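So the structure is just underneath, and the comments pick up after that.
Values below: every heavy atom of this structure, side chains too, minus hydrogens, waters and symmetry copies. Bear in mind that the values here come from a model prediction, so they are computed numbers and not experimental data.
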Amino acid sequence: MVSLGARCHNVFQHISKVYNVNRSTCLLSLLPRCEFSTYCIVSSERCLPPNKPYSVRYSHSFASTDVFQHISIHDELDGKSPLLACELQYCVRVGSGVKGDPPVVLLDGSEPSFFTAHLQVVSNEGPEVDTIEVCEYSETTLQKYRPQSDKGTMYKAGSVLNYSFRVMEESANMMCCLSLCHSDGTFLGRGYLALDQITLLDHIALPLINETDTIIGLLACSILEIKGLKQPPPSLIPATTDYSTTLEIGHRGCGVTHTDKELFSELPCLPENTIASMETAYRHGAHMVETDVVVTQDLRAVLYHDLEIELPGKRKVPICHMTSHALEWAPTEGLIVDEKQRSQQLLLRQNEESAALAELQQKSKPYPYLSDALRTLPSELGLMLEVKADLPYEGAENVTYHADKNVYLDVILHDLFHNVANRNLILCSFCPDTCVMLRNKQNRWPVVLIVQGSTETYADCLDNRVSCLKASVTMATAENLHGISIFSGLLKDNPASVIESVKQTGLFTFVWGYHCCDQQFRDEMRSSEIGGIIYDRIYEENLPKKNIF
């Protein structure tokens, strides 16, 4: 595979020869997206500041304003307040996000391993900017968020620099200016990005411009825009997060019956992610159930594992392109159980002989609304809600399913705030950016990062924060997440020491994966005092039914 640096150099050489240019403000707009791995190319025409004067504006922290104080008095979780409705938070990440892609590539093909970076917010009559904070982490080191130094922050190969700042309103007159210097202090270059142009962007390659306004290379970074909830939530009082025992968590209710079912030797008799499956798990002692949520085209949150649904003819359609009404007519092959399995369902309900079969069939329908599940399920049953999100995977056709992640998450949070009542809830996701957004949009429920690691079972995720356990732990700690959920394959060897090392960081620890279906493995996890075990066919465990919350 040709490196990003080599591709960058070759493409620039080709364009300068064909178009007879060595510097142009629109040079990068000529480059196709596919030339730069997973990065989107932003033309310098869009990034360079206009001739009208700009100024760098720093202000006092918003924490001292009256409007912020009335929220922070409710924040008992860890002193971090959620975003206000009028607030925006921007996170700029420089460093190891996508595997194999260095943050800086020069036209000569070189890739600086050490440099100092300093972020400024350039504004022309724009809103004031809260203090810019920066954190640095790698697989082995962590420096939590702090106000950035005037001298900048040193980047080291393999690490991540995360910048974060808040503004009180959107503006078309704000830009980020990221200035880089060599390790000896000499100026390297700077990249500009207009903040009102990042809605559809994730991984970005900015033109790196030197003192003479010449493009000398590319600066790769990631931008995340987090918007406050437009409608204030009914309550901001944090829920309980102090669990005194290992949580027994039913995977998708009673277990997998559709996606990844080839990994499991025996399937449960109720369709996954249905109200019937989750109620049965509760009746057989589950403290919580893990379920997945996606959002339809008409902005309804439904419980389903995949971001796509397979229609006749092997045609896959994203859930976000289907209305909730269309889902009612979608095929249910692999989700609805056959008549033999229906008899097993009735056996599980032997203590409720009076229950009508029609009710069971209704609750076994796939694609239930999140709001319906919250209103129907017993209030004592906790919910571990996995928010599905797209991630870059090795060898896969990586597609962005939701252009506006803020709208996607706000739909889910709206349903939760208005229907969850006093139910214990944990939010989780494989996507680190989704976890960061959930963490900053609300402070009521804990947020957990799901860790896959590098394994032969699943395709490698290109995001190092998901594919490397150590990077996941430092990222979760840096972003004030509450825990991580680890793939069981990473705990097969010496699980006690791994779990203990995570605990020492203050993170709550869960385990998921097909190894959890093994009784001996679950017993070993309990003896290691892990926070929670997510597993299938929980009705076989003969757990004592009790409310631990």
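The aromatic rings of Trp512 and Phe487 are tilted relative to each other, their planes meeting at an angle between 30° and 60°.
Pairing each heavy atom of Val289 with each of Gly253, the nearest pair is CG1-CA, 4.2 Å. Contact between Arg423 and Ala373 at its shortest, heavy atoms only, is NH2-O, 4.4 Å. Smallest separation of non-hydrogen atoms from Ile534 and Met384: CD1-SD, 3.7 Å. Nearest approach of Glu225 to Tyr90, heavy atoms of both residues: OE2-OH, 3.0 Å. What you find for Ser488 and Tyr514 is that their closest heavy atoms are OG-N, 3.8 Å.
Listed by chain and residue number, Asp298, Tyr369 satisfy the side-chain hydrogen bond (donor to acceptor under 3.5 Å, both in side chains) test with Ser324 (two or more places apart in sequence, or in another chain). Applying the side-chain hydrogen bond (donor to acceptor under 3.5 Å, both in side chains) rule to Ser277 yields no partners; only residues at least two apart in sequence or on another chain are considered. Legend: residues meeting salt bridge (charged side-chain N to carboxylate O under 4.0 Å, His left out) with Lys470, ordered by chain and number and at least two apart, are absent. Under the side chain to side chain contact (heavy atoms under 4.5 Å, CB included) criterion, Ser138 pairs with Thr140, Thr141, Ser159, not counting sequence neighbours. Annotation: salt bridge (charged side-chain N to carboxylate O under 4.0 Å, His left out) contacts of Glu290 (sequence neighbours excluded): none. The side chain to side chain contact (heavy atoms under 4.5 Å, CB included) check on Thr376 picks up Ile275, Glu279, Lys363, with sequence neighbours excluded. Partners of Thr291 by side-chain hydrogen bond (donor to acceptor under 3.5 Å, both in side chains), not counting sequence neighbours, listed by chain and number: Asn273. Applying the side-chain hydrogen bond (donor to acceptor under 3.5 Å, both in side chains) rule to Tyr163 yields no partners; only residues at least two apart in sequence or on another chain are considered. With sequence neighbours excluded, the residues satisfying salt bridge (charged side-chain N to carboxylate O under 4.0 Å, His left out) with Arg522 are Glu541. Listed by chain and number, the residues in a salt bridge (charged side-chain N to carboxylate O under 4.0 Å, His left out) with Asp518 amount to none (sequence neighbours excluded).
Remark: the backbone N or O of Cys435 is not paired with any side-chain donor or acceptor of Ser429 at under 3.5 angstrom. At least one donor-acceptor pair under 3.5 Å links the side chain of Asp536 to the backbone N or O of Val256. A donor-acceptor distance shorter than 3.5 angstrom exists from the side chain of Gln442 to the backbone of Arg444, with no hydrogens or angles considered. No side-chain donor-acceptor contact under 3.5 Å links Asn419 to the backbone of Leu374. Without hydrogens or angle criteria, Arg166 side chain to Glu87 main chain gives no donor-acceptor distance under 3.5 Å. Of the possible donor and acceptor atoms, none in the side chain of Asn422 sits under 3.5 Å from a partner among the backbone N and O of Ser379. Judged by distance alone, with hydrogens and angles left aside, the side-chain atoms of Lys503 form a donor-acceptor pair with the main-chain N or O of Glu529 at under 3.5 Å.
His287 is not listed as a side-chain neighbour of Asn424, based on a closest heavy-atom distance of 4.5 Å or more. Residues Leu438 and Leu413 meet the side-chain proximity criterion, which asks for heavy atoms closer than 4.5 Å.
Contact check on Arg526 versus Glu248 returns a salt bridge, with a Lys/Arg side-chain nitrogen under 4.0 Å from an Asp/Glu carboxylate oxygen. A salt bridge is absent between Lys316 and Asp306: the closest approach of a Lys/Arg side-chain nitrogen to an acidic carboxylate oxygen does not fall below 4.0 angstrom.
Residue pairs satisfying the salt bridge (Lys or Arg N to Asp or Glu O under 4.0 Å) criterion with at least one member in residues 408-420, sequence neighbours excluded, are listed as follows: Asp410-Lys441.
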| Criterion side-chain contact (heavy atoms from CB on, under 4.5 Å) on Val160 and Arg465, from CA distance to verdict | CA-CA 10 Å; Val160 174; Arg465 299 169 297 172; 5.8 Å; no
| request: Tell me, with the steps shown, if Tyr367 and Thr296 meet side-chain contact (heavy atoms from CB on, under 4.5 Å). | output: CA-CA 10 Å; Tyr367 322 117; Thr296 62; over 6 Å; no
| task | Test Leu385 against Leu416 for side-chain contact (heavy atoms from CB on, under 4.5 Å), laying out the working first. | result | CA-CA 10 Å; Leu385 192 65; Leu416 292 177; 4.0 Å; yes
For residues 491-500, dump all side-chain donor-acceptor pairs below 3.5 Å to protein atoms at least two apart in sequence or in another chain.
| residue | atom | partner | partner atom | Å |
| --- | --- | --- | --- | --- |
| Asn494 | OD1 | Ser497 | OG | 3.3 |
| Asn494 | ND2 | Ser497 | OG | 2.6 |
| Ser497 | OG | Asn494 | O | 3.1 |

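Inspection of the Asp292 and His305 side chains reveals no N or O donor paired with an N or O acceptor under 3.5 Å.
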